[in-house]
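It should be emphasised that the depicted structure is a prediction, and the values quoted were computed from it without experimental measurement. Side-chain atoms are counted along with the backbone in the values below, which use heavy atoms only and exclude waters and symmetry mates. Every chain is numbered from 1, with letters handed out A, B, ... down the list of sequences.
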Number of protein chains: 2
Amino acid sequence: MEFFNKVGKMAIGSRLRMLTETVGEDAARIYNLYHIDFQPKWFPVFYVLQDGGEFTITSIAKEIGHSHPSVSKIIAEMVKNGFVVEKKDKTDGRRNMVSLSAKGLDAAVKIKDQYADVTGAVEEILSQANHDLWKAIEEWEYLLEQKSLLRRVQEHQKIRESNKVQIVPYEPRYAEAFKALNEEWISKYFKMEEADYKALDNADSYIINNGGLILVALYNNEPVGVCALLKMDDPDYDFELAKMAVSPKAQGKNIGFLLGQAIIDKAKALGGHKLYLESNTILKPAISLYHKLGFVKVAGRPSPYERANIQMELKLK
Amino acid sequence: MEFFNKVGKMAIGSRLRMLTETVGEDAARIYNLYHIDFQPKWFPVFYVLQDGGEFTITSIAKEIGHSHPSVSKIIAEMVKNGFVVEKKDKTDGRRNMVSLSAKGLDAAVKIKDQYADVTGAVEEILSQANHDLWKAIEEWEYLLEQKSLLRRVQEHQKIRESNKVQIVPYEPRYAEAFKALNEEWISKYFKMEEADYKALDNADSYIINNGGLILVALYNNEPVGVCALLKMDDPDYDFELAKMAVSPKAQGKNIGFLLGQAIIDKAKALGGHKLYLESNTILKPAISLYHKLGFVKVAGRPSPYERANIQMELKLK
DNA sequence: ACTAATTATGTAACTGATTACACAAATGTA
DNA sequence: TACATTTGTGTAATCAGTTACATAATTAGT
């Protein structure tokens with residue numbers, strides 16, 4: 001399969017499908033070799049039944065990892081071909097108890113030889129290969145159960161995207177973005193308050209000239225996130241992390257985290273010992289971001305903001 | 001997948017199918033992650049077209065290893081979604097030349113990032129596994145192309161069956177089988193001749209008491225094959241291999257080969273230097289069996305049989 | 001004891017591929 | 001030049017699974 005080597009790993013799904021098909025194609029012909037009138041797709045169901053037990057459709061489905069309609073259809077076909085008999089459960093009217101018929105039991109004996117030969121052939125291939133397909137599949141099953149391909153891709157996407165993000169110091173030309181980004185989320189969840197207007201309309205005089213600073217996150221050179229560090233006049237805290245805002249259009253690029261970390265670094269560089277912040281518990285992603293940054297919840301302190309219902313701090317060292 | 005470990009390697013087809021499905025399921029959601037309205041199954045076709053070239057349906061199919069109707073349908077869908085444009089070839093009215101539209105070209109750019117992330121994620125899984133799925137698939141593709149699973153199973157079947165075959169010396173109770181098995185093939189392809197009746201009706205006096213012998217192949221203790229070694233009165237040859245017959249019901253169990261080898265061993269044990277046989281070229285499987293046993297064609301010698309049109313010999317040493 | 005939730009099953013529609021077939025256009029050959 | 005063969009494409013049917021939905025029987029909760 002020349003093509004796959006050209007395309008690369010992204011095509012692993014297609015490649016798997018094609019190998020599956022190649023292997024599957026021969027399966028039907030293999031049954032012919034043993035003169036058993038048997039469809040390969042029946043095999044997993046047959047395998048469960050082969051020792052003579054009675055099972056419900058659902059229990060077979062669970063055992064072999066198929067959906068129940070699939071088993072239902074397979075059983076119908078096997079009944080039609082005389083391999084299986086159905087029986088209503090006396091004590092539970094929903095249950096359809098299925099088991100091998102005499103013919104089915106007979107086939108189970110015949111199939112033993114085939115079983116040995118196919119297993120032998122597969123093991124022969126496995127032994128001729130340097131890389132063990134059987135074990136590799138098993139590992140993939142495990143790894144994908146631990147973390148799905150989707151989530152893995154998502155993480156790679158996030159990392160790649162966050163590499164495109166630049167964190168830069170505030171400049172007057174970002175004044176508009178600073179206000180707009182904050183106004184967007186504040187007025188979405190709450191109402192703009194007096195203190196908001198003061199800070200957002202006068203970033204320079206209110207924040208920067210008071211010993212604070214603002215960082216801006218650029219994505220494709222567009223400001224998509226902002227965060228301020230306010231100098232506090234408090235014996236317990238040096239700075240407050242505030243006015244953190246990320247554009248909804250730039251979500252999923254880890255921008256909040258990058259901004260938060262950059263602000264923390266700045267606070268450290270400025271000799272800060274303890275950071276403070278206020279937020280609201282309805283802002284779940286924000287709260288979880290603060291946790292991720294290391295902030296912990298602390299007891300009440302008076303706040304100029306109505307919307308503040310949670311306070312957090314972070315010890316720097 | 002507990003079940004597969006219980007069933008063993010025979011279920012490798014099912015196991016492959018399920019992994020394929022798991023991987024495939026996420027594929028659609030991954031495209032959503034990048035806000036491209038794109039179906040995963042389009043990808044191989046898209047990949048071929050992405051550099052802006054024009055291709056026919058068949059050439060794409062060949063390149064990506066799909067059937068042409070599959071590509072035909074995919075192209076129809078992509079046209080409907082505006083990713084692809086069709087154009088009749090001026091010089092060849094059968095050809096449907098397809099290429100990416102402006103929208104398709106645009107998507108090709110967007111997809112680059114996704115491509116990188118998916119490749120990264122797959123490589124991450126690959127690196128976390130001890131057994132390399134990608135390389136294992138590649139090896140299976142190669143090994144199955146060399147010799148299909150069907151043929152491998154067939155070979156295992158043959159070996160197992162031939163282990164059930166016993167080669168035993170002639171006894172009077174096999175007289176009937178000796179005649180019947182030979183009569184069966186002779187009268188199927190030719191006509192019983194005088195010499196046949198003589199030998200088959202009087203195995204003891206004609207063959208065994210003349211310094212020859214007969215071996216019988218038993219399968220489930222039933223005689224299913226016979227072969228005679230006739231003492232020859234000839235300066236060139238010691239023995240003639242003759243009256244080899246295997247029941248059609250017992251075909252594919254390697255019985256002819258086992259009988260032939262056993263006869264050769266006997267001839268050697270009796271101090272023979274050269275074996276002779278006569279046959280007819282319309283008996284292709286027989287001729288190829290004799291070749292496999294080491295016999296080579298030799299020039300004419302008078303024969304009592306009308307049907308003989310080829311003669312062969314084997315030097316023993 | 002009655003209603004709500006859960007469980008067991010079956011049916012229908014869909015999916016992404018295939019093979020079989022049909023047909024037109026181009027090419028090869030006598 | 002006429003006819004057979006090959007090539008390119010599309011449509012229909014099939015395949016082995018899926019999800020969505022419907023229905024009946026059982027179990028749980030009040």
Undergrad: Could you state the atom-to-atom distance from NZ of Lys90(A) to C1' of dT26(D) in whole Å?
TA: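 Lys90(A) atom NZ is separated from dT26(D) atom C1' by 18 Å.
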Undergrad: Please report, rounded to the nearest Å, how far the P atom of dG8(D) is from the CG atom of Asp89(B).
TA: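 So the CG-P distance, Asp89(B) to dG8(D), works out to 11 Å.
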Undergrad: Between Arg15(B) (CZ) and dA16(D) (P), how many Å, whole number?
TA: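 So the two atoms are 22 Å apart, to the nearest Å.
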Undergrad: Distance-only, no hydrogens or angles: does the Ser288(A) side chain make a donor-acceptor pair with backbone N or O of Pro285(A) under 3.5 Å?
TA: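 Side chain of Ser288(A) to backbone of Pro285(A): a pair is present.
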Undergrad: Can you check whether Phe83(A)'s main-chain N or O pairs, donor with acceptor, with Ser101(A)'s side chain at less than 3.5 Å?
TA: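 Present.
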Undergrad: Using the closest heavy atom to pick a nucleotide of DNA chain D for each, name whichever of Lys41(A) or Gly93(A) lands nearer the 5' end.
TA: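 It is Lys41(A) whose nearest nucleotide is closer to the 5' end.
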Undergrad: Is there a donor-acceptor contact under 3.5 Å from the side chain of Lys164(A) to the main chain of Lys253(A)?
TA: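 Judged by distance alone, no pair lies under 3.5 Å.
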Undergrad: Please report, rounded to the nearest Å, how far the P atom of dC15(D) is from the CZ atom of Phe43(A).
TA: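 Atom-to-atom, Phe43(A) to dC15(D), this comes out as 21 Å.
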Undergrad: In terms of ring plane angle, is the pair Tyr47(B) and Tyr115(B) parallel, tilted or perpendicular, where the classes change at 30° and 60°?
TA: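 Answer is parallel, since the angle falls under 30°.
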Undergrad: What are the atom names and distances for every N/O pair under 3.5 Å that joins the protein to nucleotides 8-12 of chain C?
TA:
| residue | atom | partner | partner atom | Å |
| --- | --- | --- | --- | --- |
| dT9(C) | OP1 | Asn96(A) | N | 2.5 |
| dT9(C) | OP1 | Asn96(A) | O | 3.4 |
| dT9(C) | OP2 | Ile57(A) | N | 3.1 |
| dT9(C) | OP2 | Thr58(A) | N | 2.8 |
| dT9(C) | OP2 | Thr58(A) | OG1 | 2.5 |
| dG10(C) | OP1 | Asn96(A) | ND2 | 3.0 |
| dG10(C) | OP2 | Ser72(A) | OG | 2.9 |
| dG10(C) | N7 | His68(A) | NE2 | 2.8 |
| dG10(C) | O6 | His68(A) | NE2 | 3.2 |

Undergrad: Under a 3.5 Å distance rule, please check whether Asn280(B) uses its side chain to pair with a backbone N or O of Ile282(B) as donor and acceptor.
TA: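 Pair found, side chain donor or acceptor close to backbone of Ile282(B).
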Undergrad: Under 4.0 Å between a side-chain nitrogen and a carboxylate oxygen: does that hold for Lys249(A) and Glu184(A)?
TA: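 No, Lys249(A) and Glu184(A) are not salt-bridged.
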Undergrad: Answer with base, sugar-phosphate or nothing: what part of the nucleic acid does Gln39(B) contact at a heavy-atom distance below 4.0 Å?
TA: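 Counting heavy atoms under 4.0 Å across all strands, the contact made by Gln39(B) is with sugar-phosphate only.
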Undergrad: Tell me whether Arg152(A) contacts the main-chain N or O of Lys147(A) through its side chain, where contact means a donor paired with an acceptor under 3.5 Å.
TA: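 Yes, the answer is positive, given that a donor and an acceptor are paired below the 3.5 Å cut-off.
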Undergrad: For a quick check of understanding: with a heavy-atom distance under 4.0 Å over all strands, which category does Ser14(A) fall into, base, sugar-phosphate or nothing?
TA: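 No contact.
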Undergrad: When you check the side-chain N and O atoms of Ser70(A) and Ser67(A), is any donor under 3.5 Å from an acceptor?
TA: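 No, no side-chain donor-acceptor pair sits under 3.5 Å.
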Undergrad: Side chain of Gln128(B), backbone of Leu143(A): donor and acceptor closer than 3.5 Å?
TA: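 Absent.
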Undergrad: What's the CD1-P distance between Ile75(A) and dG17(D), to the nearest Å?
TA: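 Distance check: Ile75(A) CD1 to dG17(D) P gives 13 Å.
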Undergrad: Just report the end-to-end axis angle for the helix from dA1(C)-dT30(D) to dA30(C)-dT1(D), five pairs per end, to 10 degrees.
TA: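 Result, rounded to 10 degrees: 0°.
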Undergrad: Would you mind reading off the distance between Glu21(A) atom CD and dT19(C) atom P, rounded to a whole angstrom?
TA: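 To the nearest whole Å, that distance equals 8 Å.
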Undergrad: CZ of Arg17(A) versus P of dT18(D): gap in Å, rounded?
TA: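 These atoms are roughly 16 Å apart.
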Undergrad: Nearest whole Å is fine: how far is dG16(C) P from Trp42(B) CH2?
TA: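 After rounding, the reported distance stands at 10 Å.
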